[in-house]
Chemist: 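This is the structure, below, for whatever I ask next.
Values reported hereafter were calculated over all heavy atoms of this structure, with side chains retained and with hydrogens, waters and symmetry mates removed.
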Amino acid sequence: MMRVLFSTNAIDDRVRRTLVDTLYSQPASLAIGAACGILTSLVAAHQSRNGYITIAAIMLTAVALVRVGMGLMLPRVVDNRTRMLELLYELGAFSYAILIGVIAALTVLVDAPHEAQLLMVSNAIGYGVAISARNAGRPAIAIGQMVLTLIPICLALLKRGDVALITLAFSIFLLLPAMTSVTLNVFRVLRNSIAAAETSARLAERMQVLARTDVVTGLLNRAGLNHHLVERLMALPPDRKLALCWMDLDRFKEVNDTLGHQTGDRLLSQVGERLCKLAPEGASVGRFGGDEFIVAFEAQDRREIEEIGLRIREAINRPMRVDGGRLEITGSMGIAVLPDDGQDIETLMQGADLALYHAKVNGRNQVSFFDPSMTRDLVRRKEIEAELRLALQRNELSIYFQPIVDLETGRIRSFEALVRWFHPEKGELRPDEFIPVAEECGAIITLGNWITAQAAKAAAQWPEDVTIAVNLSPLQIKAPGAALGILAALRDAGLPPHRLELEITETVLLDHSQNTENFMAELGAAGGRFALDDFGTGYSSLGYLHKYPFGKIKVDRSFVSGVNVGKKSDAIIRAVSGMGQTLGMSIVAEGLETIEQVEAVREAGCTLGQGYYFSRAVPDYVAAMLLSQERYSLKPQRLAS
């Protein structure tokens, strides 16, 4: 019992405030008890005509009124001070208890009228018994009140010496251990219930945290982000903006594919750490899913938002150490601003997602702000994506051929196959409109295989010394069975592999993919040829020429007919041409439009030329006609307009 009364263990300390609150939780019962005590003591004083009883009754009345006032006011005045509330309650409770016990004892000792004795003794016993249950939340107080109330009555009854009164005193005395047991049992139930509720609340809070936390990075997950963003919106000051930056890691899938998902997870964790360090104070930082992250923060204007966005992107672009290795990865970011781009979180997220989409489409590793025109562009792309899948079935796509001419003899050495889309309603769609869409939605593999098959069928009808060049998409190269598909198309068309020239851009080689190496090795072994397209516009590396079986280099048109053509571009062309001669490679100059450009690149050492000066891309029957007519003219000239 003593342990329960005076325990100070951790659980008791945590639930003590709750139990103390129960003392003040029912001021009405306190007021009713006070009214009964005042009424009975005053009646007893009046009937007994005893000065001591009268003084005690007046004191009890004062204490009762003070207690009622304290019960109503103290919880509001003494906030979060558990010990103070308990001490003040103890003072009032013990004073009231001893006064009502003393008044009852005095009525017995002075032999007041039997009615007064019965009134006070029964009221005191009822009070002592009732208080042991009401204040069981603090058993020391409850038992103390009961003892202070009942012991004076027992002593008075014993002093009178009457057998009946002694028996009554003994009976009242037995109430003490009985009601003490009841009090302690009630306290244990309260204590265990409160402790269990507290544990459940902690577990619920922990589960809520876990439900809103990403297990890989420790950041907010999608549910946590939604919760935080709604809270930020509700608390956003009228003169501030809420920026939502949606970031996506470029080519993260290749990290998982080549190094494994565990390395990918550690990379994501490092990205999360950098975002937390760079994000403004109070920002919401979370992983939306996969390799997508969101940073939401308040700002004064767009300039501040842009500076923060660029800072985050630059930090992500810095090399990272993962498992002892050095990883370089870039990130694309889309930004939407509230209230400029929307009035609610859903609209804001849609805007940021669209801006991210445009950042990736426009070359990745960029920061793009949302613009209403992006919505129109997305609708346009979705239309193209849906119609592109049906275009092949409807025969809306055609293959055109642009000649590649020998600059010395003027003869056509090859044709580059170029796809054209003639939509029945929208008219001709440019390749730069639908090719990126085909790459994004995965239709480029089907489209690329179809282009290769159609080009091979046309080339099979040409002279054997004329080759066909086909551009390959990175996705097409990496697709399973890509080489087998191309070889099957050549067999179906009856075209020898050595007459097919596959043009590959430098960006394909940046990934150092084993699939790319296997693809080139398999086709090269069968006799296929390769050309390095758009040389000079990307991460040009002589290592590519050494590692891969390229037989031709195509100098990008920007060095021939671009706005920056001059001495530097001429020197670059001469350097590439000299290298090509040394390595036994053909050098193709793209974008030739004038005779002056033709003569310039020929003098610089280029062996082949391609451009509008010779011919635009033409249908297969015109290409066949050009081949039949070229024997009549061996000088570089316009072949078709």
Side-chain angles (χ1 to χ4, degrees), residues 254 258 404 406-407 412-418 444-445 448-449 451-453 455-456 459-460 462 464-491 493-556 572-573 575-590 605-610:
E254 296 171 11
T258 57
I404 299 174
D406 189 317
L407 295 182
I412 298 175
R413 295 300 184 190
S414 182
F415 282 95
E416 180 178 358
L418 302 170
I444 191 64
I445 297 174
N449 291 337
I451 292 172
T452 303
W462 302 337
E464 293 185 358
D465 61 331
V466 179
T467 61
I468 181 69
V470 178
N471 288 285
L472 291 182
S473 164
L475 293 178
Q476 187 180 1
I477 294 174
K478 295 176 183 178
L484 292 176
I486 291 176
L487 292 174
L490 293 176
R491 283 196 304 271
L495 185 73
H498 72 271
R499 292 183 60 193
L500 175 66
E501 209 163 54
L502 299 173
E503 296 186 357
I504 298 176
T505 59
E506 295 168 335
T507 53
V508 176
L509 309 176
L510 284 176
D511 302 333
H512 304 290
S513 170
Q514 187 63 43
N515 290 341
T516 301
E517 295 183 15
N518 295 340
F519 172 85
M520 296 181 70
E522 190 171 349
L523 278 176
R529 300 180 181 181
F530 296 93
L532 185 58
D533 197 12
D534 297 336
F535 187 79
T537 60
Y539 301 88
S540 303
S541 171
L542 299 182
Y544 301 150
L545 304 179
H546 175 72
K547 182 176 182 180
Y548 299 106
F550 290 111
K552 183 182 292 184
I553 297 175
K554 300 189 74 174
V555 179
D556 188 71
I572 292 173
I573 294 175
V576 174
S577 299
M579 178 182 61
Q581 292 176 3
T582 303
L583 298 175
M585 295 180 178
S586 300
I587 307 297
V588 183
E590 296 181 300
C606 293
T607 55
L608 301 172
Q610 179 182 359

Chemist: Taking side-chain contact (heavy atoms from CB on, under 4.5 Å) as the criterion, tell me which of V466, T467, I404 meets it with F415.
Modeler: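 For F415, the side-chain contact (heavy atoms from CB on, under 4.5 Å) check succeeds only for V466.
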Chemist: Return the CG to CG distance between L608 and L407, rounded to the nearest 0.5 Å.
Modeler: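 Those atoms lie 6.5 Å apart.
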Chemist: Roughly how far apart are S414 OG and E503 CD, rounded to 0.5 Å?
Modeler: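 CD of E503 is found 7.5 Å from OG of S414.
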Chemist: Can you tell me how far CD1 of I587 sits from CG of L532, rounded to the nearest 0.5 angstrom?
Modeler: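 Between atom CG of L532 and atom CD1 of I587 there are 9.5 Å.
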Chemist: Mind checking whether N471 and L418 have side chains closer than 4.5 Å, heavy atoms only?
Modeler: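 The answer is yes; the side chains approach within 4.5 Å.
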Chemist: Using 4.0 Å as the upper bound for N to carboxylate O, is an ion pair formed by R413 and E501?
Modeler: no
Chemist: So which heavy atom on I468 is nearest to which on A455, and how close?
Modeler: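 What the structure gives for the nearest pair is CG1-CB, 3.9 Å.
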Chemist: side-chain contact (heavy atoms from CB on, under 4.5 Å), that's the test. Do L502 and I486 meet it? Break it down for me.
Modeler: CA-CA 10 Å; L502 299 173; I486 291 176; 4.2 Å; yes
Chemist: Rounded to the nearest 0.5 Å, what separates atom CD in E590 from atom CG in D533?
Modeler: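 Rounded to the nearest 0.5 Å, the CD-CG separation comes out at 5.0 Å.
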Chemist: Assess the residue pair M520 and I477 against the criterion (side-chain contact (heavy atoms from CB on, under 4.5 Å)); give the C-alpha distance rounded to whole Å, side-chain angles, the decisive distance to 0.1 Å, and a yes or no.
Modeler: CA-CA 9 Å; M520 296 181 70; I477 294 174; 5.9 Å; no
Chemist: Any side-chain heavy atom of W462 within less than 4.5 Å of one from I412?
Modeler: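 With C-beta onward as the side chain, the pair stays apart.
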Chemist: Report the distance from atom CG of L500 to atom CG of L523, rounding to the nearest 0.5 Å.
Modeler: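 Answer for the CG-CG pair, L500 versus L523, is 7.5 Å.
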Chemist: Report yes if the side chains of F550 and L583 come closer than 4.5 Å at any heavy-atom pair, otherwise no.
Modeler: no
Chemist: Quick one: CG on L495 to OG1 on T452, what's the gap to the nearest 0.5 Å?
Modeler: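 With rounding to 0.5 Å, CG (L495) is 11.0 Å from OG1 (T452).
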Chemist: Of I553, T607, V576, which is the lone residue that meets side-chain contact (heavy atoms from CB on, under 4.5 Å) with M585?
Modeler: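 Going through the options one by one, the only one that passes is I553.
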Chemist: Closest heavy-atom contact between A460 and A493?
Modeler: CB-O, 3.3 Å
